[in-house]
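Accompanying notes for the structure given below.
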Protein chains: 2
Amino acid sequence: MFDRFIKLLDQYSELSNEEIEYLWKIRKQIPAQICRKNEIIFKAGQIFNTMYFVLDGCVRLFYNNNGNEKTAFFYTKGKFFRAIESYQKEIPAKENYQAIEDTTLLLFHKNLVRQLIKQHLKFKHIAQLAVEDELVTAQNMISSFVTKSPEQRFLELFEHNSDLFRNINQHYIASYLGVTPESLSRIRKRALMKEKN
Amino acid sequence: MFDRFIKLLDQYSELSNEEIEYLWKIRKQIPAQICRKNEIIFKAGQIFNTMYFVLDGCVRLFYNNNGNEKTAFFYTKGKFFRAIESYQKEIPAKENYQAIEDTTLLLFHKNLVRQLIKQHLKFKHIAQLAVEDELVTAQNMISSFVTKSPEQRFLELFEHNSDLFRNINQHYIASYLGVTPESLSRIRKRALMKEKN
DNA sequence: TTTAATTCTTGACGATTGTCAAGAGTCTAA
DNA sequence: TTAGACTCTTGACAATCGTCAAGAATTAAA
């Protein structure tokens, strides 16, 4: 399991043997969390003090909007996630996180992150790359909201992330696209009808 | 002008005297660019190799969507901006940047950024904070798209950034809210009518 | 100041969306 | 297997949006 983590880290930056050995040495300080489908990982209102890494599975970020859950993002295998604003400023988070399939996480507590960064600059670099990676994704998402219709966004998501559609509740995807589940249902119908012609 | 830059940097992280002196020493390596209102700063298609800092004024990020300009973001005094994906991966940028009022920028070329980071870790830290700051903003924007109607987004923007409305073309704001200029016009009318009651 | 260009507003109409409600379909646990 | 819970789809209707076009208002330039 832990070598799986190290292999996934490679997408951000190649690790030296020394760095890999160091990670192996401290691996007991990195708790793993196994979540069952639909399990809530983090509830809004608390202060976020842990960096999570998705070893396997899928996590959704959602906001609670007057009792209405709105999904803003999905994190899949190999991605870090954290409620950055809460983590940085130590204020209560607005974000909720939930496993939407059986998911395995690694937990990097803030103190451990500090220790890692102090030990090897490479880990600071990886943290930086992970944040930049997330920013690129976020900016692409904003670009998509600004330049495309819900129907176009649906078609693109369907093309590039068709695996998302297999096991996931449609209303998660609906709010991710910025529409209601009813609208998504109609959008899909329309879009797939057009595709036949 | 340069002490203005140093003062603005403080919002990210307080600088030591040594770091300030270092910046003063190399200040000639940091070109300034004075842009007139409506001047294009960067056109999509090129590779983005410079980190920009807004000393004064306001810059909009827009995408070109089949000849249709869509504004995704505004950068104001004290903010860094760059087309991250292009900067990182050295691929052509999709983003365009334009001054929407008289604007003064500082330009940090990639090589200079590398040099700064090598010289003082604090600068790496500031770069990290600037990116995280941008990510927080981006995530809040996505949250807003996902949880709120265009009318709500308009009201919030109007409340928190009313200065944006003074000098700026409405169609910039329209696409920022994800609607057409005509719709924004009606939204404003509706919203301000409701407010009277 | 006057003219020209640009931007903003309004109207009309069709398309899309949200909402509420009901029914069909699916999944889960007894 | 069956009952109950949850999810998805569909219908109806009102609200909102996009588009096209025209006119008003504002801004910039001559």
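Lettering of chains follows the sequences in order, A, B, ..., and the numbering in each one begins at 1.
- Taking atom CZ of residue A/Arg36 and atom C1' of nucleotide C/dT28, one finds them 12 Å apart after rounding to whole Å.
- Separating the CD1 atom of A/Ile173 from the P atom of D/dC8 is a distance of 9 Å, rounded to the nearest angstrom.
- Counting non-hydrogen atoms under 4.0 angstrom, A/Ile187 reaches the backbone sugars and phosphates but no base.
- Taking the ring axis of A/Tyr63 as reference, the NZ or CZ atom of A/Lys94 does not stay both within 45° of it and closer than 6.0 Å to the ring centre.
- A residue-by-residue look at B/Ser183 and A/Ser185 shows that A/Ser185 has its nearest nucleotide of DNA chain D further toward the 5' end.
- Protein atom CD of B/Glu151 is 14 Å distant from nucleotide atom C1' of C/dG18, rounded to whole Å.
- The NE2 atom of B/His171 sits 16 Å away from the C1' atom of D/dA25 (whole-angstrom rounding).
- Using a 4.0 Å heavy-atom distance criterion, A/Pro181 is classed as making no nucleic acid contact.
- Distance CD (B/Glu69) to C1' (C/dT7): 14 Å, rounded to an integer number of Å.
- Between A/Lys189 and D/dT10, a side-chain N or O to OP1/OP2 separation shorter than 4.0 Å is present.
- Residue B/Thr180 has a polar side-chain atom (N or O) positioned under 4.0 Å from OP1 or OP2 of D/dG18.
- Counting to the nearest Å, the C1' atom of D/dT9 and the CZ atom of A/Arg190 are 14 Å from each other.
- You'll find that the side chain of A/Gln170 is closest to D/dC8, out of D/dC8, D/dC17, D/dG18.
- For the pair B/Arg60 and B/Phe74, the cation does not sit on the ring face, since its NZ or CZ is not both under 6.0 Å from the ring centre and inside 45° of the axis.
- Where B/Glu182 and B/Lys37 meet DNA chain D, the nucleotide closest to each residue was compared, and B/Glu182 sits on the side nearer the 5' end.
- Figure legend: cation-pi geometry between A/Arg82 and A/Phe48 absent, as NZ or CZ is not positioned both under 6.0 Å from the six-membered ring centre and within 45° of its axis.
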| message | Is there a side chain to side chain donor-acceptor pair (under 3.5 Å) between A/Glu69 and A/Gln98? Walk through the geometry before answering. | response | CA-CA 11 Å; A/Glu69 293 184 357; A/Gln98 179 185 27; 5.9 Å; no

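- No side-chain donor-acceptor contact under 3.5 Å links A/Tyr12 and A/Gln128.
- In this entry the distance linking CZ of A/Arg186 with P of D/dT9 reads 11 Å, nearest Å.
- Summarising the geometry, the separation between CG on A/Asn38 and C1' on D/dT7 is reported as 12 Å, rounded to the nearest angstrom.
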